[in-house]
Structures are given as structure tokens and as C-alpha cells.
Amino acid sequence: MSLSAEKIESFLRFCVPYLVILLLFVLNMASLSSSVTGAFEIPFLLSAVYYWSVYRPTLIPVWFVFVLGVVLDLMSGMPVGMSSFVLIFVRLIVTDQRLFLASQSFPAVWIGFVFVCVIANAFQWLFFGLIEGQWTGPLPVLAVIGLGSCIYPFLSAVLYLSHKVLPGLSDHYGVVK
Amino acid sequence: MLGSGRSANPLGKIALFGDGSGSGSSYIFLFLSFLMMIISAFRPQVFEVVRMTASDNISPVLLFVNKPIHSIVTFVTETTTIAQIQATNDRLEQENQKLRQWYQVALMLESENASLRELLNIKLDPKYEYVTTRVLSDSGNTYAKSLLITSGADDGIGKGQAAISGEGLVGRIIEVGHHTARILLVTDINSRVPVMVEKTTQHAIMAGRNNNNPQLIHLPEDSEIEDGSRIITSGYGSVYPYGLPVGVVFTDNLGNKRVQLYADVSRLLFVRVVNSGENHSIDVP
């Protein structure tokens with residue numbers, strides 16, 4: 001294979017995770033609804049940020065996470081900066097613990113995500129409650145956390161597949177043992 | 001030992017603030033986000049232009065990507081079993097029979113009304129124009145109940161105009177771009193709609209509660225609103241035209257009067273924006 005063909009292949013492989021993130025970004029804007037909870041969303045983008053913060057944080061630089069969050073807020077009608085704040089915060093704490101998390105079994109990483117999901121949603125709930133002076137019922141928040149936690153293993157599998165196609169990896173997790 | 005993540009990142013060179021992955025830049029962006037969040041929460045109009053410019057530019061992509069997602073959701077939710085379709089069909093046929101009878105009655109009443117108004121020389125409400133438009137994004141999320149539509153200022157949409165579906169009131173326009181606009185749904189916690197009980201003409205404010213059933217507030221203590229009473233807009237404040245159908249009253253477990261909306265705001269494909277020719281600019285609280 002010639003050098004340019006290799007470069008093109010590398011570039012295309014490198015684009016795959018970003019395309020997955022873009023897809024999750026769009027899915028994040030679609031909402032579900034039930035008669036009990038009202039409309040709520042699945043935290044697709046939070047899952048992606050968590051996954052990459054554990055296994056390859058350099059793929060999602062802080063400025064990239066910031067832009068994703070701001071655009072999400074602009075499109076979804078949320079206060080601008082809310083999603084970027086939550087996503088950057090999650091990235092910050094998870095990256096700090098990534099050596100520990102990356103060496104754990106999947107269930108432990110999953111529990112880590114549930115923990116992060118609870119913190120992120122609790123913050124949003126608290127912020128909105130304080131700003132509006134009225135508190136949103138707990139059911140939609142619990143639905144977001146529950147559904148997000150349940151769907152994480154599937155999303156994790158999709159993200160893992162996109163991770164595998166990345167060029168220049170020494171193993172599945174980007175961690176040299 | 002950490003892996004070779006950074007060396008495999010061909011975009012690494014364009015990262016701002018160092019390599020963009022350090023905790024230093026994280027704190028800067030965290031602070032920036034927090035600042036924006038506070039400004040946006042207390043002064044939402046600051047970001048209005050940016051928000052609508054983003055909507056105008058991203059909406060074509062969103063429309064394209066949302067189409068298959070919407071189709072799948074609609075398919076799954078609406079056509080789960082053949083028996084359900086059969087039942088729906090039977091129900092619609094019965095409804096149609098009744099509606100035909102009502103249509104004849106309505107025609108008769110319309111002509112009677114017209115002649116009586118002519119006799120009394122009543123000043124009629126202004127005739128409204130409607131802009132029918134497609135819904136671009138879904139009915140918001142846990143905290144913000146709004147939706148984007150694919151019509152904007154270029155199509156005659158203005159701030160404060162009411163939006164209705166085929167069944168009833170949906171919300172009002174709060175932000176307008178050139179080709180898109182945002183509707184604040186009546187279910188949003190910031191939404192307040194002056195309404196009245198059709199039978200008793202009892203006035204109230206319908207307040208969104210971030211769930212599917214807004215609550216009636218500012219009711220007199222001695223008011224007795226029966227469950228099942230029809231709620232319509234009262235026209236007070238001139239934002240919502242008088243007489244738009246809203247929903248029916250029911251009492252929740254805590255004894256609060258709530259409204260079961262006619263419009264299913266979670267499954268809207270098209271809405272009609274009521275253009276009264278006036279532009280009611282209202283700041284979102």
C-alpha cells in the first residue's frame with residue numbers, strides 16, 4: 001500500500017469515532033415521552049464522553065467537549081453552557097481516575113458510569129430548581145438515569161467497535177501494559 | 001503506563017489551550033461554561049441571536065437525520081399490533097359518524113350566528129391567519145419543553161404567536177430565526193396561559209409543570225371546577241387568541257386541578273402558528 005493510501009485509510013479510520021459521536025449527539029436531541037414522566041432524553045453524549053474519557057481522552061479534547069455541549073444547548077433550548085459544564089466536569093473527574101477505571105472489569109466501569117450519570121443529573125436538577133424556584137418531579141430525572149444506565153452496555157459496545165478501528169492502537173483500550 | 005493515544009491523533013496539533021486534554025484547560029472551559037450558564041439562565045435573550053443562527057444553519061442537517069428516527073419511533077409506537085389498528089379503525093369510523101352529524105349542526109349554527117351578529121352589529125374578533133409548519137426537533141428534554149419548527153421570520157412567524165395542533169393549543173413562539181422558530185410548550189415550567197372553563201367562564205392561569213399535565217393556578221378558593229370540564233384560552237393579555245381549545249380538567253392525587261391536554265405534545269409532526277398580525281414580544285422569565 002502506498003503512503004498516501006495509508007494516510008487516507010488512517011484518516012478515514014480516525015473519522016469513525018467522531019461520526020459515532022455525531023450520531024449520538026443527534027440522538028441526544030430526540031426525546032422519549034411517557035404519561036408518567038413527560039418528555040426526557042437518553043444521555044447518549046454523556047455515555048460517549050465517559051467512554052472516551054476512560055479509554056482515550058485525547059480523542060475528545062476539552063475544547064471539543066465544550067463545543068459539543070454548547071451546540072447541544074443551543075439546539076435543545078437548555079441554558080447555554082449547561083451541557084458543556086456537565087460534560088467537561090465529567091471528563092475532568094473521569095480522566096483523573098482513568099488509570100484505575102481502565103484496568104477494571106466492565107461491570108465496575110459500568111457502575112462508574114451510573115455514578116457519573118447520577119451526579120450529572122443531580123446537578124442539572126439542582127441548578128434548574130434553584131433558577132426556576134420550582135422543582136421538577138424526580139420521575140423524569142430517574143428515567144434519564146435508569147434508561148441511560150441500562151443502555152450504556154450497548155452504547156459501550158458500539159463505542160468499543162469504533163475504538164477498534166482507530167489507527168495506531170497497541171491494544172483495545174489504548175493502554176500499553 | 002499510558003498508551004500512544006496522542007501520537008495517533010492527527011488533530012492534536014489544532015488543539016487550543018495546549019493539548020486540550022490537560023486539567024488546566026479543563027478548568028478554564030469549566031469556568032467559561034459556568035459563566036455562560038449563569039448568563040443564559042438569567043438573561044436568555046443574550047444568546048437568542050446565536051441560538052437562532054445555530055438553529056437556522058443546523059436545521060437542514062437535523063431535519064435530514066431526524067426523518068428516519070422519527071419514522072422508526074412513529075412506527076414502533078403507533079403500529080405495534082394489527083389488533084390495535086383494527087380497534088383504532090373502528091373507533092375512528094364511529095367518531096366519523098358522530099362528526100358528520102355535528103358538521104350539519106355546525107353549518108346550521110354558523111349561518112344562525114352570522115345572521116344574529118349582523119342584527120346586533122357586533123364587533124368581531126380579528127380574523128387570524130395560520131402558518132402550518134413541520135416540527136423539526138422533539139418536545140424538549142427533562143427540563144426545557146420546547147420544539148423547533150421549520151418556519152421563521154421569512155414565513156411571517158413572530159414572537160408571542162400561539163401554536164396549535166389539530167387537537168388543541170401547543171404553546172407560543174419565543175425565539176424566531178429566518179427559517180426556524182422555537183415554541184415554548186404549554187408543559188414547560190415557564191409557561192403561563194390565561195384560560196377559562198368553557199361552561200362556567202371561570203378564569204385561571206394554566207401553569208406548566210414540566211410533565212404532560214399543566215396545573216390550573218390562581219383559582220378562587222370557592223371555585224368548583226368539575227372534572228371533565230373543557231378548558232379554552234381566555235384571550236386575556238392578548239397573547240393567545242380567545243377560544244383556542246386546550247384540554248379537559250381532572251384532579252390529581254394531591255387534589256390539584258390539572259389539565260389533560262387535547263394536543264399530544266410529545267408526538268407532533270406539524271403545528272399551526274396563529275398569526276394575528278400583531279407581534280407580541282414577551283421575554284421568557
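Chain naming here is simple, since letters A, B, ... match the order of the sequence lines and numbering starts at 1 in each.
Between the CG atom of A/D96 and the OG atom of B/S26 there is a distance of 10.0 Å, given to the nearest 0.5 Å. Rounded to the nearest 0.5 Å, atoms CG (B/L148) and OG (A/S76) are 9.0 Å apart. Atom CG of A/L74 sits about 7.5 Å away from atom CD1 of B/I58, to the nearest 0.5 Å. Atom CG of B/L30 and atom CG of A/L87 lie 11.0 Å apart (nearest 0.5 Å).
The most heavy-atom pairs under 4.5 Å with chain B, out of A/W135, A/F127, A/F85, A/F89, come from A/F85. Considering only heavy-atom pairs separated by less than 4.5 Å from chain B, the leading option among A/S84, A/G77, A/S83 is A/G77. Counting heavy-atom pairs under 4.5 Å between each of B/L32, B/T180, B/I38, B/T53 and chain A puts B/L32 at the top. Chain A forms more heavy-atom pairs under 4.5 Å with one residue of B/M37, B/E175, B/M36 than with any other, namely B/M37.
Using a 4.5 Å cut-off between heavy atoms, A/V71 touches chain B through its side chain atoms alone. At a 4.5 Å heavy-atom cutoff, the contact between A/V70 and chain B is made by side-chain atoms alone. When heavy atoms are compared at a cutoff of 4.5 Å, A/V141 approaches chain B by way of both its backbone and its side chain. With a 4.5 angstrom heavy-atom cutoff, B/F31 does not touch chain A via any of its atoms. Contacts of B/V46 with chain A are absent, with no heavy-atom separation under 4.5 Å from either backbone or side chain.
Residues A/I88 and B/S33 have side chains in contact (heavy-atom distance under 4.5 Å, counting atoms from C-beta outward). A/L92 places a side-chain heavy atom less than 4.5 Å from the side chain of B/Y27.
Applying the side chain to side chain donor-acceptor pair (under 3.5 Å) rule to B/S191 yields no partners; only residues at least two apart in sequence or on another chain are considered.
Formation of a donor-acceptor pair under 3.5 Å by the B/R51 side chain with backbone atoms of A/D73 is found in this model. Using modelled atom types, no side-chain atom of B/S40 and backbone atom of A/P79 make a donor-acceptor pair closer than 3.5 Å.
Contact residues of residues 109-124 of chain A toward chain B are A/N121, A/F123, A/Q124 (heavy-atom distance under 4.5 Å).
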